[in-house]
Amino acid sequence: MSFETKKIEASDLLDLNAYAKERKDIRKELVEMKKHRRVELGPHSTFYFENFFTMKAQIQEMLYIEKGGDEQLKDELEAYNPLVPQGSELVATYMFEIDNPNTRKKVLSSLGNVENKLFISINGTKLYATPEEDVDRTDNSGKTSSVHFIHFKFSDKQV
C-alpha cells in the first residue's frame, strides 16, 4: 500500500465471526490510539484525527452492529474511505460534545458554517480546513451539526 493512495478494501476487513472474536481487543487498541489523536479546542469541541486503522475499525463496527451484508459494506466503504488521510493531509472528525440538550441547541445554533472557519497555524500562516461536502452541515436556521469531517491539506513546504 502506497502512502499516497490509502483505501480500505473489503479484503482489509475481518469477516463478522472473526471480528466478533477479536472485537474486544480491537476496541481496546482503538481507545488507546484515539487518546493520542484527540485535541480539545474548547469547552465543547474536539478534533479526533483519523487514520487508516480508525476508519477500518469504524467500518468493522458498523458492519458488526447492523449486519447489513455486502450492500452495507459498499455503503460503509463509500462513506469512510474519504476520511482516510491521503498523502500529506490530516483528516479529523470535529465534534461538539454537549450533554445538556438546551445548551447543545443554543451552542450549535450560534455556530453555523463553523467548518469553514477552522484552521491550523503553521509559522503564522493559516491553513484552513476543507470540509467534506457529502452533506450540508448547517441548516437553514443557521444551526450547525454536532459532527463535521474536515481535511487539512499540507503543501510540501508546510510538511
Between Q60 and L14, which heavy-atom pair has the shortest distance, and what is it? OE1-N, 2.5 Å

Exercise: identify the closest heavy-atom pair between K153 and L127: O-CD1, 3.4 Å

Run the side chain to side chain contact (heavy atoms under 4.5 Å, CB included) test on M33 and F53 for me, step by step, so that the C-alpha distance in whole Å, both residues' side-chain angles and the decisive distance to 0.1 Å come before the verdict. CA-CA 9 Å; M33 179 184 288; F53 182 81; 3.6 Å; yes

To the nearest 0.5 Å, how far apart are OG1 in T54 and CD1 in I59? 10.0 Å

How many angstroms lie between NZ in K143 and NZ in K105, if you round to the nearest 0.5 Å? 8.0 Å

E78 with K7: basic N within carboxylate O range, under 4.0 Å: no

Parallel, tilted or perpendicular: which fits the ring planes of F152 and F49, with parallel below 30° and perpendicular above 60°? tilted

I'd like to know if L118 and V107 are part of one continuous hydrophobic network [Ile/Leu/Val/Met/Phe/Trp/Tyr, side-chain heavy atoms within less than 4.5 Å]. yes

Answer yes or no: is there a donor N or O on one side and an acceptor on the other, between the side chain of T46 and the main chain of V39, under 3.5 Å? no

Say whether F154 and Y128 are linked into one hydrophobic cluster, either directly or through other cluster members, by side-chain heavy-atom distances under 4.5 angstrom. no

As a quick check of understanding, evaluate side chain to side chain contact (heavy atoms under 4.5 Å, CB included) for E29 and E32, giving each step before the final call. CA-CA 5 Å; E29 183 179 355; E32 186 58 31; 5.9 Å; no

Same cluster or not: M55 versus I150, using hydrophobic residues (I, L, V, M, F, W, Y) connected whenever any side-chain heavy atoms lie under 4.5 Å apart? no

What heavy-atom pair brings N116 and P131 nearest, and what distance separates the two atoms? OD1-CG, 3.5 Å

Could you check whether K126 makes a cation-pi contact with F119, meaning its NZ or CZ is under 6.0 Å from the centre of the six-membered ring and within 45° of the ring axis? yes

Between the main-chain N or O of T103 and the side-chain N or O of N100, is there a donor-acceptor pair closer than 3.5 Å? yes

Stepwise side chain to side chain contact (heavy atoms under 4.5 Å, CB included) test for R137 and F149: CA-CA 10 Å; R137 303 280 175 186; F149 305 105; 3.2 Å; yes

Within this structure, what is the NZ-CG distance for the pair K56 and N81, rounded to the nearest 0.5 Å? 12.5 Å

Do you know which two heavy atoms are closest between S88 and V159, and how far apart they sit? CB-CG2, 3.5 Å

Is any NZ, NE, NH1 or NH2 atom of the basic residue among E115 and K117 found under 4.0 Å from an Asp or Glu carboxylate oxygen of the other? no

Taking side chain as C-beta onward, heavy atoms only, is E132 less than 4.5 Å from L83? yes

Does the structure place the NZ or CZ of K67 under 6.0 Å from the centre of the six-membered ring of Y64, at an angle of no more than 45° from the ring's axis? yes

Please check this pair: side chain of S109 against backbone of K106, looking for a donor-acceptor N/O pair closer than 3.5 Å. no

D15, CG atom: more than 12 neighbouring heavy atoms under 6.0 Å: yes

So, the side chain of Q158 versus the backbone of S155: is there a donor-acceptor pair under 3.5 Å, distance only? yes

To the nearest 0.5 Å, how far apart are CD in Q58 and CG in L63? 10.0 Å

Student check: side-chain heavy atoms of E50 and Y48 closer than 4.5 Å: yes

Heavy-atom pair with the smallest gap, counting every atom of V91 and P85: CG2-CA, 3.7 Å

When you group the ILVMFWY residues by side-chain heavy-atom contacts below 4.5 Å and let the links chain together, are L108 and V147 in the same group? no

Does R38 reach the main-chain N or O of F47 with its side chain, forming a donor-acceptor pair under 3.5 Å? no

Under a 4.0 Å N-O cut-off, is there an ion pair linking R27 with E61? yes

If I take atom CD1 from residue I65 and atom CD from residue Q72, how far apart are they, to the nearest 0.5 angstrom? 9.5 Å

Are L73 and L16 connected into the same hydrophobic cluster when the rule is that any two of I, L, V, M, F, W, Y join if their side-chain heavy atoms are below 4.5 Å apart? yes

Close side-chain approach of H44 to M95, heavy-atom, < 4.5 Å: no

Side chain of E89, backbone of Q86: donor and acceptor closer than 3.5 Å? yes

Do I98 and S146 pass the side chain to side chain contact (heavy atoms under 4.5 Å, CB included) test, and can you show the C-alpha distance, the side-chain angles, and the key distance before you say yes or no? CA-CA 9 Å; I98 308 168; S146 61; over 6 Å; no

F52 CZ to I8 CD1 distance, which is reported to the nearest 0.5 Å: 5.0 Å

